[in-house]
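Everything quoted here is computed from the prediction, not taken from an experiment. Values below: all heavy atoms of this structure, side chains included; hydrogens, waters and symmetry mates excluded.
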Amino acid sequence: MLKQFLNLKLSQKLSPQQIQLMKLIQLPTQAFEQRLLEEMNENPALEAGKEDDYEADEYANEDYDDYDDAESDRIEADDINIDEYLSDDDTPDYKTQVNNYSDDEERETPFAAPISFHQDLINQLNTFILNDEEREIAEFLVGSIDDMGYIRRSIPDIVDDMAFTQGIYTDEAMVEKMLTVIHELEPSGVGARDLQECLLLQLKHKTPTEYVDLAIDIIENQFDAFTKKHYDKLLQKYSISNEQLKKAIHEIERLNPKPGGSFAGNNKVTENIVPDFAIRIVDGELELTLNGRNAPSLHVSKDYQEMMQTYKESRDKSTAQKDAVQFIKQKLDSAKWFIDAIRQRQETLFVTMNAIMHYQEEYFLDGDETKLKPMILKDIADMVGLDISTISRVANSKYVETPYGTKLIKEFFSEAMKNDQGEDVSTLEIKKILQNTIEEEDKRKPLPDDQLAEILKEKGYPIARRTIAKYREQLDIPVARMRKKI
């Protein structure tokens, strides 16, 4: 039997310079600024500011083949696989650092170091009269509290852990006793082992009233019915009016389900968004600008070029001089390439966003999200003559400031679906109509997915119930039962 095997291996081979350019393109403004600072720190031949009027780059046309021995073992472009250079794990430091200063802001601002969440709890423990054993157990319990304020481990596990890791030998009764001390700490609800206990601790710290007492009873004895919003069962169980139940639930809704997350010293730093583009409407026309922080003024160092020129005119070329000129040439080449790469990055960003702006012109002119057209990466790639992967790198991490707010560019992309007229409509348009329909529903009788599908069908969008469920989940909208209000 004749067997024919066909092995095809498709791999994109790019030069190191092309890979670096791709990485620059995918950086948003703040990360790009950090990358620029790193490059300038690493390469003394790259300088900021406009270049003086002098004959620059004379060395560029010269050949230095005699000093390229060090490059004989350079990696060939064909040996480089792009996937190895652009993996998700390749995350440089600047992507995890905050840098949100404008050019005219001070870069060093003194601030008071905030006290940590756990240290604050330890400080509160110092106000209690405890013996040495009790204090050790209480401090261990504080150390077992997660950032949300919960103790997720069982009492027997904690007892075993203290014995094995700390040499503290005690029993479950003593740990339970110290847990009651932890439950007296602020914020109220800290040290709870589950949501039910967390809510109960907070309610019991409140001033007793008719509705607080009712809320405690509901959480303590009817927690399942409450979480599933079975309000009819609660009304029947307690023989109360809608208004009474509404006020009791209001007491519960004011509680904090994550007491540790509200602690000021426990909050993570949130990086402010710096738009990479801005779209304005001027005399009825759209106008696009690229954030100036993406277009720094750079030039190749005059001193380094003069050093290269001096060496070129020198007759005696020692080994040390050859090594020095090889270093200088490498830095000059790197500086020239980086300046050129930044120009290419600016052009790529601008032409891509300009194409997106014109493709979605109707939306950008009036802000009506139902006017967003179906648009995929290939549509823009075909318009500007760039690869789909390049368009993706521009869209995935960049923001544009519009008259209707700052938007993530990739949110303007969507697949197409057919309406009842056979016309292509954006899935974004359908999601917006679905969201509006749910917002306008009677919250006492929220619409289930099958009814939502019928309503959208009447509006001209024949969509299956399972698609409604998928879009609803993507919009972070709960099922009908969980949207019910009294």
Side-chain angles (χ1 to χ4, degrees), residues 110-224 226-227 247-269:
F111 60 93
I115 188 172
S116 72
F117 172 49
H118 291 85
Q119 185 58 53
D120 181 68
L121 295 177
I122 294 294
N123 291 346
Q124 292 182 57
L125 276 180
N126 293 333
T127 65
F128 289 80
I129 300 175
L130 303 173
N131 61 37
D132 291 344
E133 180 190 9
E134 292 172 337
R135 182 166 300 280
E136 285 182 332
I137 296 172
E139 289 183 356
F140 189 88
L141 288 172
V142 166
S144 300
I145 296 174
D146 64 20
D147 287 343
M148 293 297 101
Y150 287 84
I151 293 178
R152 308 285 184 179
R153 303 160 65 207
S154 68
I155 297 299
D157 286 345
I158 292 175
V159 171
D160 291 342
D161 219 11
M162 282 193 292
F164 289 129
T165 65
Q166 306 296 318
I168 302 173
Y169 298 96
T170 186
D171 54 31
E172 294 180 20
M174 178 60 75
V175 175
E176 289 278 7
K177 176 183 176 183
M178 286 302 97
L179 193 56
T180 61
V181 174
I182 300 300
H183 289 164
E184 294 297 319
L185 304 180
E186 294 292 338
S188 180
V190 72
R193 286 159 286 185
D194 53 42
L195 177 60
Q196 184 178 14
E197 185 176 39
C198 179
L199 298 178
L200 273 175
L201 288 171
Q202 294 179 63
L203 285 169
K204 290 177 179 179
H205 276 79
K206 284 177 168 284
T207 302
T209 66
E210 174 189 352
Y211 302 112
V212 169
D213 291 342
L214 177 57
I216 290 174
D217 199 328
I218 290 173
I219 296 300
E220 200 159 27
N221 302 306
Q222 301 294 324
F223 187 67
D224 186 60
F226 168 74
T227 56
K247 289 182 178 180
I249 290 175
H250 179 65
E251 293 290 346
I252 299 172
E253 289 176 341
R254 292 167 59 188
L255 306 177
N256 186 356
K258 299 177 181 179
S262 64
F263 187 78
N266 200 39
N267 292 339
K268 295 182 178 179
V269 176

Q | Residues Leu179, Arg193; criterion side-chain contact (heavy atoms from CB on, under 4.5 Å); working and verdict | A | CA-CA 10 Å; Leu179 193 56; Arg193 286 159 286 185; 3.4 Å; yes
Q: Evaluate whether atom CG of Asp132 has more than 12 neighbouring non-hydrogen atoms of other residues, nucleotides or ligands under 6.0 angstrom away.
A: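 Atom CG in Asp132 is not packed in, count stays at 12 or less.
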Are any non-hydrogen side-chain atoms of [X] and [Y] less than 4.5 angstrom apart?
X	Y	result
Val212	Thr207	no
Phe117	Pro187	yes
Met178	Val181	yes
Gln124	Glu184	no
Glu186	Val190	no

Let me confirm one number: the [atom1]-[atom2] distance from [X] to [Y], rounded to the nearest 0.5 Å.
X	Y	atom1	atom2	answer
Leu200	Asp217	CG	CG	10.0 Å
Asp146	Arg152	CG	CZ	4.5 Å
Thr227	Ile218	OG1	CD1	12.0 Å
Asp161	Gln166	CG	CD	8.0 Å
Phe140	Ile168	CZ	CD1	7.0 Å
Glu220	Leu199	CD	CG	12.0 Å

**Q.** Working for side-chain contact (heavy atoms from CB on, under 4.5 Å), residues His118 and Asp147
**A.** CA-CA 9 Å; His118 291 85; Asp147 287 343; 4.0 Å; yes
Could you tell me whether the side chain of [X] and the main chain of [Y] form a donor-acceptor pair under 3.5 Å?
X	Y	value
His205	Gly189	no
Gln202	Asn256	yes
Glu134	Asn131	yes

Q: Determine, step by step, whether Met162 and Glu136 satisfy the side-chain contact (heavy atoms from CB on, under 4.5 Å) criterion, reporting the C-alpha distance in whole Å, the side-chain angles of both residues, the deciding distance to 0.1 Å, and the verdict.
A: CA-CA 9 Å; Met162 282 193 292; Glu136 285 182 332; over 6 Å; no
Q: Flag the pair Glu133 and Lys177 as a salt bridge only when some basic side-chain nitrogen lies within less than 4.0 angstrom of an acidic carboxylate oxygen.
A: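 A salt bridge is absent here (no side-chain N lies under 4.0 Å from a carboxylate O).
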Identify the two heavy atoms, one from [X] and one from [Y], that lie closest to each other, and give their separation to 0.1 Å.
X	Y	answer
Pro257	Cys198	O-SG, 4.1 Å
Gly191	Ile182	CA-CG2, 4.1 Å
Ser188	Pro259	O-CB, 3.7 Å
Glu251	Ala215	CB-CB, 4.3 Å

Q | With Ile219, the side chain to side chain contact (heavy atoms under 4.5 Å, CB included) member among Leu255, Leu203, Leu214 | A |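 Per the side chain to side chain contact (heavy atoms under 4.5 Å, CB included) rule, the option paired with Ile219 is Leu203, out of Leu255, Leu203, Leu214.
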Q.
Using the side chain to side chain donor-acceptor pair (under 3.5 Å) criterion, which residues pair with Asp171? Sequence neighbours excluded.
A.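 Here no residue qualifies.
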(Q) Suppose we screen for side chain to side chain contact (heavy atoms under 4.5 Å, CB included). Which residues come up paired with Asp160, at least two apart in sequence or across chains? (A)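 Partners of Asp160 by the side chain to side chain contact (heavy atoms under 4.5 Å, CB included) criterion, ordered by chain and then number, come out as Phe164.
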